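For reference, the structure is listed below as structure tokens.
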Amino acid sequence: MVNIPELFGSNVFNDATMRERLPKATYKALKRTIDLGEPLDISVANVVANAMKDWAVEKGCTHYTHWFQPMTGITAEKHDSFINPEGNDSVIMDFGGKELVKGEPDASSFPSGGIRATFEARGYTAWDPTSPAFIRDTTLYIPTAFCSYTGEALDKKTPLLRSMEVLSKAACRTLKLFGKDVRKVNSTVGPEQEYFLVDKKYYDQRKDLIFTGRTLFGAAAPKGQELDDHYFGSLKTRVKEFMADLDVELWKLGITSKTRHNEVAPAQHEVAPIFATTNVATDHNQLVMETLKKTAEKHGMVCLLHEKPFAGVNGSGKHNNWSLSTSDGENLISPGKDPANNTQFLFILAAIMKGVDEFADLLRISVASAGNDHRLGANEAPPAIVSMFLGDELEAVVESIVNKTDYEAPGKVPMHLGVDVLPEFKKDTTDRNRTSPFAFTGNRFEFRMLGSAVNIACPNIMINTIMAEELNQFCDEVEAAEDKEVAIKRLIRRTFKEHKRVVFNGDGYSSEWPVEAEKRGLSNYRTLPEAVAHFDDQKNIDLFVKNNVHDEIEIKARKEILLEEYAKEINIEALTMLEMAKQDILPAVSRFVKELTDTVLAKKQLSDAIPTSVETDLIMTLSNNLVSFADKIEKLEEAVVKGSAIESAQEKANFYHDTVFATMNELRAVSDAMETVTSSEYWPYPTYDQLLFGV
Ligand code: ADP
Ligand code: MG
């Protein structure tokens, strides 16, 4: 039996370890940086570095790495050993403040969106002291931000930290209006992570899974998720053992893995930690994804983090539970018992409503990926329309303010289950709405449009920056007013009135909603190229520049990267399909047709009286299919050649969506039809049955 409290955080240079190993003055200085954002002196860094090194070496480390999150969406690491020559033939283990604070990886091979030419290779990593260092295997990992020689952010962490800082300032300024003197406000995030597990022996036989993370061909299994028997179902032994192992690995890294369960689709599962400060939650979520993959391998499985590994069953997402918490521990998104009279809460709610309405496009862009395009608007995820769910109680409060009517609190109703032995409890004042992209869930907002593989820095950069902007605008207005109380009330009412079009409490999955949303003038960008086109709209550039989160160069670069990445991803998918189609599927079906033909001929030779219609019909069907399959192969080949030649990133992404992706779907349809009538002896790949039910 593991002793969990002892195990928890044992591989983290966390607060307890720092307190134990650092001189008091150093510890205090570092804490001021971590808790209050004060700059850190190099003399402090020297002492911290040495203590970190001693701790890591005692735990068997030989190397350290500056760990960062480039624009690839995954993390990057380059390991350096602690050794330093001493005299002619010996070494010591050494690590100084300079090495802790700054690293210099060659930046030329990471996506930069044209910010940096390959000959200007220099890039810097800078220690993020607010996210604790940790050990994996024999290496000390130091979370860092990554930027170019000219200071532009080349990663997802730098803008996230910038957005947290501006939001903190704006929130403290807001609280001053309500008579509170707070030094720091943190945004907090609890990300729920979905994933699939497949048996490695099947995975290894599928080039599509290996190269693209999703099945590019595959007919549906006879059973999918229609019986709703997987969600919260009891765990298979192999999966349970995997999850137990996963928890131990996460706990060692100080990640508060809390909830685990089966998800809706067969072979789909979820893990969720307890929420943390956003940059720490972001680092942790990256580690969760990496640990999922590593742990699955140990158990002979592969963890798929793609947003839509299988057609016809749910894909995987991530729920970004977001809130604001002061350094004194007050949750600013908590309405309390009497939301109608909680002016501070209504003020912040108004800012959120205005922000979600005005910058819906940025929220949509922050979750855009080729994989997530399969989910948004399908039946497992909210549509691509960004709206906000408030629930009955808050909606009624908002309505009463807008209409200047009295608000009557519903109060909590006891729940009667009609069975005496069951304990009584009070119902929540609001039911949940699973179909809303941005839903109020009692003391936080749950942003549900994220795909399972996204780095959560992206949506949180947007949410934080938008919130900072709106709160600052509100503060400007109220601070300038004579009667602040009246100004606040007026502002709340006006904002609710002007922006409540973004509130939608109904069924976001229904076919009526997109029609209604269009009437309300809400945007509905169904695909990445459509959404990302708006990244550098003037209002968005103004938002980022004004709040010092991105300069214009960075925004243009990020737009370019998203579009390029999209085209590249679809290109890889198309090439993989072509290889599978030409080298495996077509020859396999043709061989099967030959066997059928041989059978017909043999039967005929024996006697004309033996019926051969079954075989002949099948030969006919499959031969026709093969002709159309070959046609589609040719069409896709042409599309890929054409697409690759397009220069402009936007046009290229558009073409890859409209033409290449569309043709891929046509090719797949023919293959899936053939699969259903081809002998499984001949079919070259493990089937959906095996992938979804084979663990
Ligand atoms: P559900 O599946 O019902 O949406 P879970 O319990 O799986 O909920 O996950 C809810 C997530 O919300 C958890 O990660 C939890 O820690 C997080 N959460 C709770 N309170 C806050 C908060 N104030 N700020 C951010 N996240 C929060
Ligand atoms: Mg949730």
Side-chain angles (χ1 to χ4, degrees), residues 174 322-324 332-336 338-364 382-410 429-449 462-463 466-467 469-475 477-478 486-510 512-525 539 543:
T174 303
W322 176 93
S323 185
L324 283 175
L332 300 182
I333 312 291
S334 179
D338 184 11
N341 292 307
N342 187 342
T343 315
Q344 178 191 304
F345 170 74
L346 293 173
F347 190 85
I348 289 167
L349 181 67
I352 298 176
M353 191 188 290
K354 180 165 179 282
V356 173
D357 188 21
E358 288 178 343
F359 297 103
D361 51 353
L362 285 181
L363 294 174
R364 167 67 183 92
I385 309 158
V386 178
S387 68
M388 194 167 157
F389 169 82
L390 292 182
D392 298 339
E393 187 180 25
L394 282 190
E395 166 116 347
V397 172
V398 169
E399 284 301 329
S400 77
I401 291 173
V402 170
N403 302 325
K404 292 189 169 168
T405 51
D406 283 341
Y407 168 74
E408 231 173 284
T429 43
T430 306
D431 196 5
R432 287 174 170 245
N433 181 326
R434 292 246 151 233
T435 66
S436 173
F438 203 84
F440 180 68
T441 51
N443 63 355
R444 60 187 187 270
F445 275 91
E446 190 170 345
F447 186 33
R448 302 212 182 97
M449 288 173 96
M462 305 294 186
I463 301 175
I466 294 167
M467 273 310 284
E469 170 64 24
E470 303 298 356
L471 288 175
N472 278 327
Q473 280 185 24
F474 281 13
C475 289
E477 183 173 331
V478 175
V486 173
I488 287 174
K489 292 237 152 91
R490 270 206 197 122
L491 183 146
I492 291 174
R493 176 156 187 269
R494 191 190 71 224
T495 308
F496 283 162
K497 230 168 117 172
E498 283 172 4
H499 297 283
K500 78 185 169 80
R501 66 168 188 163
V502 80
V503 176
F504 178 63
N505 280 344
D507 179 2
Y509 293 2
S510 72
E512 292 88 44
W513 171 228
V515 182
E516 161 71 15
E518 199 179 336
K519 269 193 225 148
R520 295 189 189 187
L522 304 180
S523 57
N524 185 3
Y525 302 129
K539 75 169 174 71
L543 169 81

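Keep in mind it's a predicted model, so treat the numbers as computed, not measured.
Side-chain contact check for V503 versus M353: some heavy-atom pair is nearer than 4.5 Å. Side-chain contact between V356 and F447 is absent, with no heavy-atom pair separated by less than 4.5 Å. At least one side-chain heavy atom of F345 sits under 4.5 Å from a side-chain heavy atom of L394. Residues D357 and E470 are not in side-chain contact: their nearest non-hydrogen atoms beyond the backbone lie 4.5 Å or more apart. Within the 4.5 Å cutoff, side-chain heavy atoms of I352 are placed close to those of F438.
A pairwise comparison of heavy atoms in P437 and V386 identifies CG-CA, 4.1 Å as the closest pair. Across A351 and L471, no two heavy atoms sit closer than the pair CB-CD2, 3.7 Å. Closest approach of F389 to F445, counting heavy atoms only: O-CE2, 4.1 Å. Taking every heavy atom of both residues into account, S334 and N342 meet most closely at O-ND2, 3.9 Å. The minimum heavy-atom distance between P335 and G442, with the atom names listed, is CD-O, 3.1 Å. Taking every heavy atom of both residues into account, F496 and V402 meet most closely at CB-CG2, 3.6 Å.
Note that the CD1 atom of I492 and the NZ atom of K354 stand 13.5 Å from one another [nearest 0.5 Å]. With values rounded to the nearest 0.5 angstrom, L332 atom CG is found 4.5 Å from I348 atom CD1. Rounding to the nearest 0.5 angstrom, the gap separating the CD1 atom in I385 from the OG atom in S436 is 11.0 Å. To the nearest 0.5 angstrom, R494 atom CZ is 14.0 Å from I401 atom CD1. To the nearest 0.5 angstrom, Y407 atom OH is 12.0 Å from E399 atom CD. The distance from the CD1 atom of I488 to the OG1 atom of T174 is 9.5 Å, given to the nearest 0.5 Å.
In this structure, K539 contributes its side chain and E358 its backbone to a donor-acceptor pair below 3.5 Å. In terms of modelled atom types and a separation under 3.5 Å, the side chain of R444 and the main chain of W322 share no donor-acceptor contact. The backbone N or O of M449 sits nowhere less than 3.5 Å from a side-chain atom of R364 that would complete a donor-acceptor pair. At least one donor-acceptor pair under 3.5 Å links the side chain of N505 to the backbone N or O of L390.
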Given side chain to side chain contact (heavy atoms under 4.5 Å, CB included), test L522 with W513 step by step and report yes or no.
CA-CA 11 Å; L522 304 180; W513 171 228; 3.7 Å; yes
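In this model, no donor atom of one side chain and acceptor atom of the other lie less than 3.5 Å apart for Q473 and E477.
With respect to S323, the side chain to side chain contact (heavy atoms under 4.5 Å, CB included) criterion is satisfied by exactly one of I333, N443, T441: I333.
For E498, the CD atom sits in a packed shell: over 12 heavy atoms of surrounding residues, nucleotides or ligands are nearer than 6.0 Å.
Residues satisfying the ring pair (Phe, Tyr, Trp, His ring centres under 6.0 Å) test with F359, not counting sequence neighbours, are none.
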